[in-house]
2 protein chains.
Amino acid sequence: MSYSIQEVADMMNVNASTLRYYDAEGLLPDIKRVNGKRVFEDKDFKWLRVLNCMKNIHMPVKKIREYVALAQQGDATLQKRYDMILEQKKNIEDQIKELQNCYKEFEYKEWYYKTALAAGTEKAVENIALEAPTLEIDQIPENYGKGGF
Amino acid sequence: MSYSIQEVADMMNVNASTLRYYDAEGLLPDIKRVNGKRVFEDKDFKWLRVLNCMKNIHMPVKKIREYVALAQQGDATLQKRYDMILEQKKNIEDQIKELQNCYKEFEYKEWYYKTALAAGTEKAVENIALEAPTLEIDQIPENYGKGGF
DNA sequence: ATATAAGTTAAAGTTTACTTTAAGTCAAGC
DNA sequence: GCTTGACTTAAAGTAAACTTTAACTTATAT
């Protein structure tokens with residue numbers, strides 16, 4: 001199977017010009033050309049999926065280009081690439097932890113607004129939080145009272 | 001307790017000018033001033049922590065400003081704020097899922113390079129993947145063969 | 001044959017989120 | 001009284017990641 005740039009753009013949910021930009025930046029090595037036009041093949045999708053991952057974890061274009069450049073140099077750069085992968089894996093772990101923290105903050109907010117809406121006013125939430133010990137404790141997130149807004 | 005902009009910047013690990021920028025953009029409502037100078041108080045840190053979360057999940061400044069503006073309008077905007085929070089909570093869930101997917105991709109890469117390094121060449125990995133059934137299967141990530149680079 | 005649609009490049013433009021600069025204010029220490 | 005250091009504002013500058021534009025090529029359908 002082979003695909004035009006627009007087809008790939010649609011599949012990846014990006015602008016075709018983004019793919020051209022990536023290509024110009026060295027993020028899409030060895031894309032076949034037919035009459036000057038880019039033709040994407042199955043092998044390219046393997047890399048596109050990894051690239052997509054790298055974008056998702058916010059690796060800067062510059063760093064992805066470094067990785068690609070290393071990969072093109074073959075076995076001599078295996079260790080460097082391995083190190084990069086480990087670094088990014090650690091990076092992802094940290095990001096997930098951050099997001100999980102934020103998730104808790106937002107869970108609290110959900111409770112906060114749910115409670116305020118039920119009472120009709122935000123003022124009530126502080127009172128409820130203050131009275132917490134008299135309520136079923138699991139109705140209130142552990143981190144209640146962190147509020148503000 | 002009250003803190004200067006520089007002290008807060010140090011605590012939040014941002015540039016003081018970033019805090020001024022946030023203030024100018026309406027992301028830091030009701031900061032006290034003494035002789036024209038910003039003075040941060042305990043109540044401000046509650047919001048700063050939430051703001052920090054919102055930055056972490058990549059909410060654009062514009063959207064955070066919307067939220068702040070709603071909050072300043074009081075109880076009439078409770079429902080809207082609740083909806084925003086739910087939307088962002090969903091958003092975080094999606095981001096975590098994406099990151100977890102990427103994590104798997106990187107775990108595969110880790111295996112890939114570890115294997116290649118042991119063999120001294122990348123070529124070996126494909127062979128090993130092809131021969132997989134003859135190996136201890138749990139030495140190879142489930143998603144082997146997704147490779148490319 | 002010719003119009004259309006989809007591709008091409010190089011270069012300029014846009015957006016977002018800061019960051020830096022320049023010029024000025026102000027309280028504290030010498 | 002004067003320097004120093006930390007703050008202030010408004011405005012200009014920067015960096016990253018696209019996105020748009022303009023001029024051009026090429027395969028396909030009429």
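Protein chains get the first letters and strands the later ones, always in sequence-line order, with residue 1 at the start of each.
Rounded to whole angstrom, the span from the NZ atom of B/K63 across to the P atom of C/dT15 amounts to 18 Å. B/M59 places its CE atom 14 Å from the P atom of C/dC18, with the value rounded to the nearest Å. Put simply, CG on A/L28 is 14 Å from C1' on D/dA17, counting in whole angstrom units. Put simply, CZ on A/R20 is 17 Å from P on C/dA11, counting in whole angstrom units. When the P atom of C/dC18 is taken as reference, atom NZ of B/K62 falls 16 Å away, rounded to whole Å. Here the P atom of nucleotide C/dA5 and the CG atom of A/D10 are 17 Å apart, to the nearest Å. For the pair B/N35 CG and C/dA28 C1', the computed distance is 13 Å after rounding to whole Å.
Heavy atoms of A/Q6 sit under 4.0 angstrom from primed sugar atoms or phosphate atoms, though from no base atom. Within 4.0 Å (heavy atoms only), A/R38 reaches sugar-phosphate atoms of the nucleic acid but no base atom.
With sequence neighbours left out, the side-chain contact (heavy atoms from CB on, under 4.5 Å) criterion links B/L86 to A/E110, B/Y82.
In the set C/dT20, D/dT9, D/dA17, C/dT20 carries the atom at the smallest distance from any side-chain atom of B/N15. Closest contact between the side chain of A/I5 and the listed nucleotides C/dA17, D/dT9, C/dT8 involves C/dT8.
Looking at A/K89 and B/E107, no side-chain N of the basic residue comes within less than 4.0 Å of a carboxylate O on the acidic one, giving no salt bridge.
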